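One structure below.
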There are 2 protein chains.
Amino acid sequence: MTTKERILQGAHDVFQRNGFSGATMQAIAEKSGVNKALLHYHFGTKTELFHAILQQSFSQLLPAVFMALNSEMPLRDKLRNVVELYLGTIIKNPELPLFVISELQRNPSFIKKQINLRSFPPRFVQQVNDASARREIIHAEPADIMADLMGLCILPFVARPILQHLSGKSNAQYKEFLQHRVQHVCDVLVGGLFQVQR
Amino acid sequence: MTTKERILQGAHDVFQRNGFSGATMQAIAEKSGVNKALLHYHFGTKTELFHAILQQSFSQLLPAVFMALNSEMPLRDKLRNVVELYLGTIIKNPELPLFVISELQRNPSFIKKQINLRSFPPRFVQQVNDASARREIIHAEPADIMADLMGLCILPFVARPILQHLSGKSNAQYKEFLQHRVQHVCDVLVGGLFQVQR
DNA sequence: GACAGAATTGACTAAATGGTTAAACCATTT
DNA sequence: AAATGGTTTAACCATTTAGTCAATTCTGTC
């Protein structure tokens, strides 16, 4: 593992836990086991180092989902597929969503400058609009379904402290809860969109 | 408006926009139009002032929802009711959810010490468990439905920058999108939980 | 109007923080 | 083994920041 990678790893940990303002170069240096000046030698400024981390974090979170959303699969299966993929990613890195969301909220310009996703995947948009027009799903637009999907997936992670407290679950129980969530989210999402006529 | 209230107002704005670490006492003083030393005179330390704001913010967000969840209403109507109430609150204060969620994540101990909600409202728990046992809704526990509800509601606010960017909406269009969301969330949530047998 | 206590301020301090720099270190080439 | 160029470090600097304090102003009471 090269020094640069060790620093990126340390920066990732510290930024993710504390956010941009809460993180200090000293803390990152210690976490990485190198001298503070080395951070500047390799990455210039705190902001540049942070942007490297934010970029990397973001690209862990959405691009794979977008690829899946752009596949040929029928909408119903696609949604199940994406939920599994998305939740799988998040379970492996539970602090990722809140980090990305918080920091993008405070660096909105970063989105336009650094993120190369320009719009929802065209095939997904097509499918949703078609299905909505044909009444196969309830009236909805792509942004709705994207919001549903993301919201249902990330909430138990971003709001874990409060949700775990209120449900009185132990850590182990909460982990189990998260496992079951995959199925639950699929059921609610697919079942809520593809409603039978009553 | 008393000085103490002016300070609380300024602190609310600054903390909400920048988080605990990103906020400075100087910025709060300027926003409130008072001398920095006055903040310490009235509130002691930055941490204490912050806790006052976090407490107040949190209590804007959940207690009303919990009261509604504890009413006598049948579950189906109750869910619609709570979604309207919750989304109504958030639309009036769109930065509240992300602020509370981020800061609780970094102050988990705050929940046990300062927040007097100890568990989900008993009537809600009862209803969910009954309905789940009787197969009126899909298999789910209260924490699931709470997570669904919160996730569906808050996502378009906490992830607004990215979602608005990807959907290519103007500010006005996004506002309209948020308006329609109330109906959409109700449909997905109620429709997804109360599924007919197929 | 004098007094007392609370409210408010400007000037200050000590610690922390992002960033710089000159020197030391190390591997590779000649 | 000397030279070279990239890497790493300790010491340092300027600025920012939370917090303090003595002095001043304000407000109500006698």
Side-chain angles (χ1 to χ4, degrees), chain A residues 1-57 95 99 102-110 113-114, chain B residues 1-57 99-100 102-110 113-114:
Chain A
M1 199 181 198
T2 159
T3 304
K4 237 175 162 172
E5 287 166 345
R6 295 230 320 283
I7 293 178
L8 282 171
Q9 177 67 56
H12 177 91
D13 292 355
V14 175
F15 277 133
Q16 192 157 286
R17 190 169 306 277
N18 306 101
F20 177 76
S21 342
T24 72
M25 295 300 264
Q26 187 57 47
I28 295 172
E30 278 163 26
K31 190 93 180 183
S32 323
V34 302
N35 185 282
K36 180 167 73 82
L38 203 52
L39 308 183
H40 290 104
Y41 174 77
H42 281 295
F43 293 95
T45 69
K46 181 184 180 186
T47 304
E48 288 173 69
L49 177 54
F50 176 73
H51 279 177
I53 300 297
L54 184 52
Q55 175 79 58
Q56 169 198 299
S57 296
E95 305 191 25
F99 170 67
S102 315
E103 299 304 325
L104 283 187
Q105 189 93 245
R106 276 164 207 158
N107 287 278
S109 59
F110 186 85
K113 286 187 215 141
Q114 301 291 335
Chain B
M1 200 181 199
T2 157
T3 303
K4 239 176 162 172
E5 287 167 344
R6 293 229 322 281
I7 294 178
L8 282 172
Q9 177 66 55
H12 177 89
D13 293 355
V14 175
F15 276 133
Q16 191 156 286
R17 190 167 308 275
N18 306 100
F20 177 77
S21 337
T24 72
M25 295 299 265
Q26 187 57 47
I28 295 172
E30 280 162 22
K31 191 91 180 184
S32 323
V34 301
N35 186 281
K36 180 168 75 80
L38 203 54
L39 308 183
H40 290 102
Y41 174 78
H42 281 295
F43 292 95
T45 69
K46 182 184 179 186
T47 304
E48 288 173 73
L49 177 54
F50 176 72
H51 278 177
I53 300 298
L54 184 53
Q55 175 79 60
Q56 169 199 299
S57 297
F99 170 67
V100 171
S102 316
E103 300 303 327
L104 282 187
Q105 191 93 247
R106 277 163 206 159
N107 288 276
S109 59
F110 186 84
K113 285 187 215 140
Q114 300 293 338

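These numbers come from a predicted model, not from an experiment. Below, chain A is the first sequence line, B the second, and so on; all start at residue 1.
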| query | Across the strands shown, which category fits B:A23 at heavy-atom distances under 4.0 angstrom: base, sugar-phosphate, nothing? | reply | sugar-phosphate
| task | Hey, can you tell me if A:F15 and A:F20 have their rings parallel, tilted or perpendicular (30° and 60° cut-offs)? | result | parallel
| task | Could you tell me whether the phosphate oxygens of D:dT8, OP1 or OP2, come under 4.0 Å of any side-chain nitrogen or oxygen in A:T3? | result | yes
Minimum-distance nucleotide to [X] side chain [options: [options]]:
| X | options | result |
| --- | --- | --- |
| A:K46 | D:dT17, C:dG19, C:dA7 | C:dG19 |
| A:K36 | D:dG19, C:dT9, C:dG18 | C:dG18 |
| B:T24 | D:dG19, D:dT17, D:dA10 | D:dT17 |
| B:A37 | D:dT9, C:dG10, C:dG18 | C:dG10 |
| A:H40 | D:dT8, D:dG19, C:dG18 | C:dG18 |
| B:Y41 | C:dG18, C:dT8, D:dT17 | C:dT8 |

Length of the line joining [X]:[atom1] and [N]:[atom2], which is rounded to integer Å:
| X | N | atom1 | atom2 | result |
| --- | --- | --- | --- | --- |
| B:L39 | C:dA7 | CG | P | 14 Å |
| A:K4 | D:dT8 | NZ | P | 11 Å |
| A:E30 | D:dT9 | CD | C1' | 15 Å |
| A:M25 | D:dC13 | CE | P | 20 Å |

| remark: Scanning all shown strands, the Watson-Crick or wobble mate of C:dT30 with both distances under 3.5 Å is D:dA1
| query | In terms of the nearest nucleotide of DNA chain C, which residue is placed more toward the 5' end: A:T47 or B:N35? | reply | B:N35
| task | For the pair B:R6 (side chain) and B:M1 (backbone), establish whether a donor and an acceptor sit closer than 3.5 Å, ignoring hydrogens and angles. | result | no
| Side chains of A:Q9 and A:E5: donor-acceptor distance under 3.5 Å anywhere? | no
| message | If I take atom OG from residue A:S102 and atom CD from residue B:Q105, how far apart are they, to the nearest 0.5 angstrom? | response | 8.5 Å
| When rounded to the nearest 0.5 angstrom, what distance separates CZ in B:F43 from CE in B:M25? | 9.5 Å
